[in-house]
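Lettering follows sequence order; numbering is per chain, from 1.
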There are 2 protein chains.
Amino acid sequence: MQRLIAHISKFVDLTEEDKEIILSLMQYQEVKKKEYLLRQDAVCNANYFILKGVFRKYYIDEKGSEQIIHFGIDNWWITDYDSLERRIPSQYFIQAVEGAEVAVLDWRVQEELFAKIPALERYFRLILQRAYAASMQRIRYIYDFSGEERYYHFSNLYPEFLQRIPQYMVASYLGFTPEFLSKIRAKKI
Amino acid sequence: MQRLIAHISKFVDLTEEDKEIILSLMQYQEVKKKEYLLRQDAVCNANYFILKGVFRKYYIDEKGSEQIIHFGIDNWWITDYDSLERRIPSQYFIQAVEGAEVAVLDWRVQEELFAKIPALERYFRLILQRAYAASMQRIRYIYDFSGEERYYHFSNLYPEFLQRIPQYMVASYLGFTPEFLSKIRAKKI
DNA sequence: GTCTTTTCTTGAACTCGATTAAGTTTTGGC
DNA sequence: GCCAAAACTTAATCGAGTTCAAGAAAAGAC
């Protein structure tokens, strides 16, 4: 849980008392591989800080196949903000790709925490700015580069990550079929 | 400027004094067609609330052509948060598509405003959540639907908007060529 | 009003990546 | 260690959308 405190401290100043309040109001939770933090049609009840592990956020598209829109890794928050804040059913699944540990911030506790520590409201504003910018960047990659280029870019940026998750998930995240990914890899070797 | 106050009030409670502070610290500005609020390589200095008009946020891609990643319309904020917050050169242009009016929140004033009115920090957190969710939704559309489907979806959602902006901008936003858009339209009629 | 610039259209050739339908390899449960 | 399930590969065919090039129409400028 110290990783969470360290992360928040990179963005805003916390007193010792603040840190204790945060630790007392958030839950540590272990998540097994393939376990879900959120399922489609359920209302999202918490924001999760990933202490360790990998999560994927996906939905079932028109054709009935899984489409990954986001990977959550160490030191990122993962949730469906739209469902969480507006208390509406989510369109997404959030599932552990490998065994993981998270810090859980329940939505009812969140308000209490913001009231006690206003700096946290700022922290989340900054986190969201970062997430939003990353999402814009993602759209850029989709538009600017071919599937092959996106794959090389991704594998250069996260080489170790590529080893940890199944290829069909990478293909889904990058927006093409597993068959096409096979073809790209065959070309290279 | 009352539209801005009305908008903020939809998300958080403001006292009369708060409203006065906001109005006193923000600038009203008229923007002519084709004028820029931000250019690539410049550091973004403000967040703009669109009172009236349409803006496009775009960049120059690898091949040297303009790629629109976002349209800003009435009652939305538009800026490059990454550049604004981290004080780094922007990758984007923000340009008025038609004559417009904006409320300007300078980055130096922003901190002052947050200090005086903590509710605003919350307001921007909520705005960003919404923008982030919209961006995710955008990625979904790109992955799930064909160019033709995206066009019909867009034209059903914003029929009047379609009349106001050149078609090549719509094509760029939807992620295909103007030629292809022409073909889609030819089919329909 | 005419002239220039901007925007839109049309058609032919081409390409990236999807689809389908095998077969192969790897992983995990017991 | 064995078997089933999950993950990956290969190859042929097909289609959505690009590219290039040229011309038509619309919108500003003076």
Side-chain angles (χ1 to χ4, degrees), chain A residues 32-36 54 56 58 60-68 71 93 95-99 139-155 161-189, chain B residues 32-36 54 56 58 60-68 71 93 95-99 139-155 161-189:
Chain A
K32 291 210 186 67
K33 185 171 174 170
K34 295 200 177 173
E35 209 176 299
Y36 288 92
V54 177
R56 63 181 181 134
Y58 69 92
I60 307 295
D61 69 17
E62 307 278 297
K63 291 161 205 139
S65 49
E66 296 175 359
Q67 176 60 58
I68 297 175
F71 280 118
F93 295 87
Q95 186 194 39
V97 175
E98 56 181 38
I139 293 173
R140 274 187 74 148
Y141 279 120
I142 297 170
Y143 279 160
D144 281 16
F145 302 115
S146 68
E148 192 169 350
E149 287 168 327
R150 291 202 300 279
Y151 174 72
Y152 286 131
H153 184 267
F154 186 85
S155 62
F161 195 60
L162 218 57
Q163 312 306 120
R164 275 160 69 188
I165 55 173
Q167 281 180 39
Y168 74 90
M169 288 192 191
V170 178
S172 171
Y173 178 75
L174 294 177
F176 47 72
T177 58
E179 289 90 339
F180 184 60
L181 179 48
S182 257
K183 226 181 268 181
I184 294 173
R185 286 163 50 86
K187 225 193 277 184
K188 184 73 172 285
I189 303 160
Chain B
K32 291 210 187 69
K33 184 170 176 172
K34 297 204 174 168
E35 209 175 299
Y36 289 92
V54 177
R56 62 180 181 136
Y58 69 92
I60 307 294
D61 69 17
E62 307 277 298
K63 292 161 205 139
S65 49
E66 297 175 358
Q67 176 60 59
I68 296 175
F71 280 119
F93 295 86
Q95 186 194 37
V97 174
E98 55 181 38
I139 294 174
R140 273 187 77 148
Y141 278 119
I142 297 171
Y143 280 160
D144 282 14
F145 301 115
S146 68
E148 193 170 350
E149 287 169 326
R150 292 202 300 278
Y151 175 71
Y152 285 130
H153 184 268
F154 186 84
S155 62
F161 195 60
L162 217 58
Q163 311 307 120
R164 274 160 70 190
I165 56 174
Q167 282 180 37
Y168 74 91
M169 287 192 191
V170 178
S172 172
Y173 177 75
L174 293 176
F176 47 73
T177 58
E179 289 92 336
F180 184 60
L181 179 48
S182 256
K183 244 171 249 178
I184 294 173
R185 286 163 50 86
K187 224 192 278 184
K188 183 73 171 286
I189 303 158

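Rounded to an integer number of Å, the gap from Leu181(B) CG to dG17(D) P is 12 Å. At whole-Å resolution of the value, OH in Tyr168(B) and C1' in dA26(D) are 14 Å apart. Computed from coordinates, the Glu179(B) CD to dT19(D) P distance equals 8 Å when rounded to whole Å. Note: CD1 (Ile142(A)) to C1' (dG17(D)) measures 17 Å, nearest angstrom. Residue Phe180(B) contributes atom CZ, which lies 11 Å from atom C1' of dG15(D) at whole-angstrom precision. In this structure, Arg185(A) atom CZ and dT10(D) atom C1' are separated by 14 Å, rounded to whole Å. Between the OH atom of Tyr143(A) and the P atom of dT18(D) there is a distance of 11 Å, given to the nearest Å. Going from atom CD of Gln167(A) over to atom P of dA7(D) covers 11 Å, rounded to whole Å.
In terms of heavy-atom proximity, Val97(A) sits nearest to Pro166(A) at CG1-CD, 4.3 Å. Closest approach of Phe176(A) to Arg150(A), counting heavy atoms only: CD2-NH2, 3.9 Å.
Aromatic ring centroids of Phe71(B) and Phe161(B) lie under 6.0 Å apart. Between Tyr141(B) and Phe154(B), the distance separating the two ring centers is not shorter than 6.0 angstrom.
Salt bridge present: Arg56(A) and Glu66(A) bring a charged side-chain N and a carboxylate O closer than 4.0 Å.
Note that CG of Leu174(A) is 12.0 Å distant from CD of Glu149(A), once rounded to the nearest 0.5 Å. Of the inter-residue distances, the one linking Gln67(B) atom CD with Ile139(A) atom CD1 reads 10.0 Å to the nearest 0.5 angstrom.
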Problem set entry | Worked check of side-chain contact (heavy atoms from CB on, under 4.5 Å) between Val54(B) and Arg164(B) | CA-CA 9 Å; Val54(B) 177; Arg164(B) 274 160 70 190; 3.3 Å; yes

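Evaluation of the side chain to side chain donor-acceptor pair (under 3.5 Å) test over residues 165-175 of chain B, restricted to residues two or more places apart or in two chains, returns Gln167(B)-Arg185(B).
When DNA chain C is scanned in the 5' to 3' direction for atoms under 4.0 Å from non-hydrogen atoms of chain A, the outermost contacting nucleotides are dG17(C) to dG28(C).
Using a 4.0 Å heavy-atom cutoff across all strands shown, Thr177(A) reaches at least one base atom of the nucleic acid. Nucleic acid contact class of Lys34(A) (heavy atoms, under 4.0 Å, all strands): none. Ser182(B) comes within contact range of at least one nucleobase, with a heavy-atom separation under 4.0 Å.
Five base pairs at each end of the helix from dG1(C)-dC30(D) to dC30(C)-dG1(D) define two local axes, and these are offset by 70° (rounded to 10°).
Nearest-nucleotide mapping onto DNA chain D: of Gly175(B) and Lys33(B), the residue sitting toward the 5' end is Gly175(B).
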